[in-house]
Visitor: 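Please see the structure below; I have some questions.
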Amino acid sequence: MGLIPNPLSSVLEGILAYQDRRHDVISGNIANANTPGYRAFDLVLKGSMDQMQPLEARRSQAGHLSMDERLDRLGARVMRSEAPGRLDGNNVSMEQEFVKLMENRMRYNAAFELMDRWGSLMPLARETR
Amino acid sequence: MSFFDSLALSAGGLNVERARADVATANLTNANATRSADGGPYRRRDTVLESEPIGRAFGDRLQRALRGARVKSIATDNRPPREIFKPGHPDADAEGIVRLPNISTIEEMVNLMSAQRSYEANLEAMQVSREMAQRALRIGRTG
């Protein structure tokens, strides 16, 4: 990203990558809303306020293999929901997945807005020298 | 910003929900069929679903964790048929008992509504994918 001062650029890139991948996870949960035994999972940032099911404790997936390094740098982790399953073992909550879908999209658009605005400020900065 | 994975996942979901809706509709249509191709009353069908990896053998850990949904098979419900006493019926047996499909209309309607709602959710996810991809293409364009 040559448009933007460096530290901000890598944070924004990381956030966009996170939202992009999180969208994949949410799409997968929605597609499997009726698959017996399927447990919903999510991609969460360390210390984020996006508590999927605040009443249940969440375990992170064991695994020493890394994800995309931008996601690793952000501290993103894959978390499997421990919400109780229904009769067939499936624990996807369509309502929650939908909320996540909408929220994620809004934040994705906001990150792009931010990137665009920074981009338009750069030529202005050069002119004032 | 590749949205191929999420599109593939949503497409799989759409197929699954369409199959569930088709099976529920078939069950409803044949709820009173005393004769079927296999002889005997129509037997209720059910979809057997499973989740499977979306085929990214060389992706990173997150890509390998993604699971798509698919219809494994259409199973036949083997519960015994419903029996009613109707001696005049063409398919009545020697004791006047007619065997009907053991289908609950309410259950099939609920399955149908659930399939419809889930189908729409997958459609919505697909539209969000498209919107996000298009937003990425507009980067840098101000005003």
Side-chain angles (χ1 to χ4, degrees), chain A residues 1 3 13 16-41 43 61 63-69 71-72 76-78 80 88 90 92 94-95 97-98 100-102 104-106 108-113 115-121, chain B residues 1-17 19-20 47-54 56 59-72 111 114-115 117-129 131-133 135-143:
Chain A
M1 295 278 154
L3 290 172
E13 249 190 85
L16 283 172
Y18 162 70
Q19 287 161 344
D20 180 349
R21 307 301 292 281
R22 191 177 186 219
H23 177 74
D24 290 346
V25 169
I26 296 169
S27 299
N29 287 340
I30 291 176
N32 283 287
N34 296 295
T35 309
Y38 181 88
R39 315 298 283 186
F41 64 103
L43 189 62
Q61 270 191 340
H64 301 285
L65 303 168
S66 68
M67 291 186 281
D68 184 316
E69 65 165 33
L71 295 181
D72 286 338
R77 275 146 62 225
V78 178
R80 196 161 286 282
D88 61 357
N90 183 302
V92 173
M94 190 63 91
E95 290 75 19
E97 296 303 321
F98 228 75
K100 286 193 288 181
L101 187 69
M102 296 298 140
N104 197 47
R105 172 181 61 179
M106 287 194 301
Y108 185 82
N109 287 334
F112 266 103
E113 282 301 310
M115 223 189 249
D116 283 350
R117 281 159 206 252
W118 269 108
S120 70
L121 284 175
Chain B
M1 309 278 150
S2 159
F3 287 92
F4 296 124
D5 285 346
S6 59
L7 287 174
L9 291 168
S10 297
L14 288 174
N15 280 330
V16 156
E17 302 307 335
R20 287 179 70 220
T47 46
V48 178
L49 308 178
E50 68 178 1
S51 63
E52 58 166 10
I54 55 171
R56 289 271 213 157
D60 62 23
R61 177 158 68 92
L62 182 57
Q63 278 169 323
R64 273 172 292 156
L66 292 175
R67 293 277 179 280
R70 64 179 282 266
V71 179
K72 185 173 172 187
N111 285 340
S114 158
R117 180 170 156 254
S118 301
Y119 188 90
E120 286 166 358
N122 277 293
L123 261 187
E124 189 67 44
M126 220 171 205
Q127 282 167 6
V128 172
S129 294
E131 188 190 303
M132 286 167 83
R135 185 63 185 84
L137 287 174
R138 295 205 310 273
I139 188 179
R141 283 204 233 149
T142 48

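Lettering of chains follows the sequences in order, A, B, ..., and the numbering in each one begins at 1. Just so we're clear, the structure is a prediction, and the values are computed from it rather than from any experiment.
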Visitor: Which residue out of Ala69(B), Gly13(B), Ala115(B) racks up the most heavy-atom pairs below 4.5 Å with chain A?
Guide: Ala69(B)
Visitor: Out of Ala11(B), Ala8(B), Ser129(B), which one racks up the most heavy-atom pairs below 4.5 Å with chain A?
Guide: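 Most heavy-atom pairs under 4.5 Å with chain A: Ser129(B).
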Visitor: Can you sort out the partners of Ser114(B) under side chain to side chain donor-acceptor pair (under 3.5 Å), two or more places apart, ordered by chain and number?
Guide: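 Here the qualifying residues are Arg20(B).
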Visitor: Would you be so kind as to tabulate the donor-acceptor pairs closer than 3.5 Å made by side chains of residues 31-39 of chain A, with sequence neighbours excluded?
Guide:
unit_1: Asn32(A); atom_1: OD1; unit_2: Thr35(A); atom_2: OG1; d: 2.9
unit_1: Asn32(A); atom_1: ND2; unit_2: Gly28(A); atom_2: O; d: 2.9
unit_1: Asn32(A); atom_1: ND2; unit_2: Arg67(B); atom_2: O; d: 2.8
unit_1: Asn34(A); atom_1: ND2; unit_2: Glu17(B); atom_2: OE1; d: 3.3
unit_1: Asn34(A); atom_1: ND2; unit_2: Glu17(B); atom_2: OE2; d: 2.8
unit_1: Asn34(A); atom_1: ND2; unit_2: Ser118(B); atom_2: OG; d: 3.2
unit_1: Tyr38(A); atom_1: OH; unit_2: Asn29(A); atom_2: OD1; d: 2.8
unit_1: Arg39(A); atom_1: NH1; unit_2: Gly89(A); atom_2: O; d: 2.8
unit_1: Arg39(A); atom_1: NH2; unit_2: Ala83(A); atom_2: O; d: 3.2

Visitor: Among Ala125(B), Ser6(B), Gly12(B), single out the residue with the greatest number of heavy-atom pairs under 4.5 Å to chain A.
Guide: Ser6(B)
Visitor: So does Glu95(A) pair up with Arg117(B), basic N to acidic O under 4.0 Å?
Guide: yes
Visitor: Stepwise, does the salt bridge (charged side-chain N to carboxylate O under 4.0 Å, His left out) test hold for Asp60(B) with Arg21(A)?
Guide: CA-CA 11 Å; Asp60(B) 62 23; Arg21(A) 307 301 292 281; 3.0 Å; yes
